[in-house]
Amino acid sequence: MEMIYLGENCAIILAAGDGKRMKSTLPKVLNEVLFEPMLEWVLLACENSGLEKLCVVAGYEHEVVEKYLGGRCDIALQLERKGTAHAVMQAEKFLNENSNTCDNVLILCGDAPFMNEETITNALNLHTECDNDVTVITAIIDNPSGYGRIVKDADKISAIVEQKDASESQLLIKEVNSGAYWFKISTLLSILDEFESDNSQNEFYLTDAISIILNRGGNAGAFTADDPKIILGANDKRALYNLHKIASDEVINKHFDNGVEFLSLDGVIIGRNVKIGANAKIHAGTIIKGDSIIGEDSVIGPNTVIDNCIVGNRSILNSVQAYNSTISSDVKIGPFVHIRPNSEIKSGVKIGDFVEVKNSTIEEDTSIAHLTYVGDSDVGKKVNFGCGCVTVNYDGSKKSRTIIKDRAFIGCNTNLIAPVTIGEGAYTAAGSTITKDVPDHALGIERGTQTNKEGYALRKLKK
Ligand code: UD1
Ligand code: CA
């Protein structure tokens with residue numbers, strides 16, 4: 001597809017609905033499909049189409065929508081929800097402000113996440129080529145129930161009729177309204193006070209724009225999207241799951257094409273921005289999200305969550321939870337390991353069962369095999385941690401760092417009370433609580449002297 005620059009046009013996203021049937025305290029459009037709010041999908045489709053001026057019409061829990069948007073685009077408030085045309089009327093100021101620089105405005109539903117760049121761009125091409133005042137984006141589907149039907153007269157759109165207002169013959173029509181339209185801004189502004197609410201739902205229907213424009217002698221057209229998925233929305237959690245499943249299957253298919261191997265898809269969910277190298281193997285119960293990148297020939301899972309991490313080639317992560325961290329190539333982690341944010345695990349490192357690493361750098365070929373906490377630490381190369389070591393990084397008021405130099409050997413059950421430095425090649429004796437730096441190549445030992453009470457157990461038995 002040839003990309004055209006849509007910057008001289010703008011868009012309004014209708015997002016005031018409450019989504020009662022979602023039974024969620026969130027505004028409907030913030031319910032998520034594949035880890036991203038439906039509104040995010042729509043915003044990205046607009047932004048990726050080159051639309052720069054965007055306005056979201058918010059209503060139900062609008063503060064939450066505003067907070068989510070964080071100044072990313074304009075907001076218009078629709079405090080009473082009186083229909084889709086009424087929602088557009090609330091954005092009149094936005095339309096006026098952009099009427100000098102933009103020719104056309106795209107109106108979209110914030111709860112139809114699969115609207116895409118191709119449809120937006122191709123519909124605009126038709127809209128401008130035919131010099132339409134309005135071009136409605138439609139799809140042809142087998143089960144049109146619930147959608148507005150596209151009524152045509154000699155192949156030209158003559159009206160959109162809502163399900164509740166449709167005659168029996170109109171109900172059979174399979175071409176339906178996606179709820180997205182391109183309008184000439186000047187035309188839309190000039191008809192805003194012509195909508196009426198004399199229909200079965202007593203709402204101001206944006207769909208009436210077709211007949212209003214045709215009655216004035218204007219041009220109306222319909223663009224049928226190639227991919228009927230663009231009309232899909234969700235009113236309840238079941239429909240939301242359906243969208244999630246569609247998005248998820250599409251992502252997994254892309255990875256199949258790229259040569260990623262899935263041993264089972266049970267519980268496997270992969271976000272749409274995730275990149276996975278060829279011949280990586282993904283086991284059951286693996287969730288990979290955010291901007292994660294997984295290298296070639298890596299083996300991920302089972303039962304692993306990777307959120308916003310880079311993982312190199314040939315690394316193995318089994319039953320790991322890893323967040324906002326970098327894991328290099330040829331690393332072996334798991335089972336039951338938590339890699340918390342801001343950690344960097346270099347190549348050749350081995351991290352075994354019940355280990356937590358947080359905000360730490362672990363250099364090449366270091367081994368942290370069992371039951372250990374490494375937090376706020378800079379650990380060198382070829383360091384060996386015995387079982388059950390703890391970097392004591394928090395004294396109740398402040399966090400401090402632990403520095404462990406190359407080839408140090410941390411004995412089992414060592415506590416390293418930060419701030420503290422263990423020198424290069426130095427040892428700590430098992431069971432020591434180390435509060436002072438250990439120089440290079442020294443042994444740090446901190447233990448009581450053992451005394452044995454001869455016959456103690458036998459004396460107890462006689463009592
Ligand atoms: C609308 C269309 C229908 C189309 C369908 C596609 C009308 C009258 N009907 O119906 O032809 O097939 O979308 O999904 O337009 N909204 C507001 N304020 C309101 C009402 C709605 O912001 O007062 C927003 C909703 O949050 C939603 C979008 O507009 O994002 C569509 O509203 P919805 O109530 O779902 O319209 P439908 O009845 O589905
Ligand atoms: Ca809808």
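None of these values were measured; they are calculated from a predicted model. Both ligands and their constituent atoms are indexed starting at 1 by order of listing.
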Regarding [X] and [Y], does a basic nitrogen lie under 4.0 Å from an acidic carboxylate oxygen?
X      : Y      : answer
Glu162 : Arg149 : no
Lys399 : Asp376 : no
Arg272 : Glu250 : no
Arg314 : Glu296 : no
Asp131 : Lys184 : yes

Test of proximity, [X] against ligand 1: N or O pairs below 3.5 Å:
X      : answer
Cys109 : no
Gly179 : no
Glu162 : yes
Thr84  : yes
Asn177 : yes
Tyr205 : no
Gly148 : yes
Ala87  : no

For [X], the ligand 1 atoms whose distance to one of its heavy atoms is below 4.0 Å:
X      : result
Thr207 : 7 (C), 8 (C), 9 (N), 11 (O), 15 (O)
Gly110 : 30 (O)
Asp111 : 27 (C), 30 (O), 35 (O)
Lys82  : 23 (O)
Gly17  : 26 (O)

Using heavy atoms and a threshold below 4.0 Å, how should the contact between Ala16 and ligand 1 be classified: side chain, backbone, both, or neither?
both

Among Gln201, Lys28, Met38, Gln78, closest by heavy atom to atom 17 (C) of ligand 1 is Gln78

Nearest heavy atom to atom 29 (O) of ligand 1 wins, so pick from Leu14, Val161, Asn235, Leu108.
Leu14

Asp226 atom CG: more than 12 heavy-atom contacts under 6.0 Å
no

Positive for side chain to side chain donor-acceptor pair (under 3.5 Å) with His127, one of Asn9, Asp133, Thr135:
Thr135

For Lys164, give me all partners under salt bridge (Lys or Arg N to Asp or Glu O under 4.0 Å), at least two apart in sequence or on another chain.
none

Where at least one partner belongs to residues 74-92, residue pairs that pass salt bridge (Lys or Arg N to Asp or Glu O under 4.0 Å), sequence neighbours excluded
Glu80-Lys82

Just to check, does Ser178 reach to within less than 4.0 Å of ligand 1 when the distance is taken from its heavy atoms?
yes

Under a heavy-atom criterion of less than 4.0 Å, does Ala15 contact ligand 1?
yes

I want to know whether Phe256 and Phe262 have ring centres closer than 6.0 Å.
yes

Please answer whether the main-chain N or O of Glu97 pairs with a side-chain N or O of Ser99 as donor and acceptor at a distance below 3.5 Å.
no

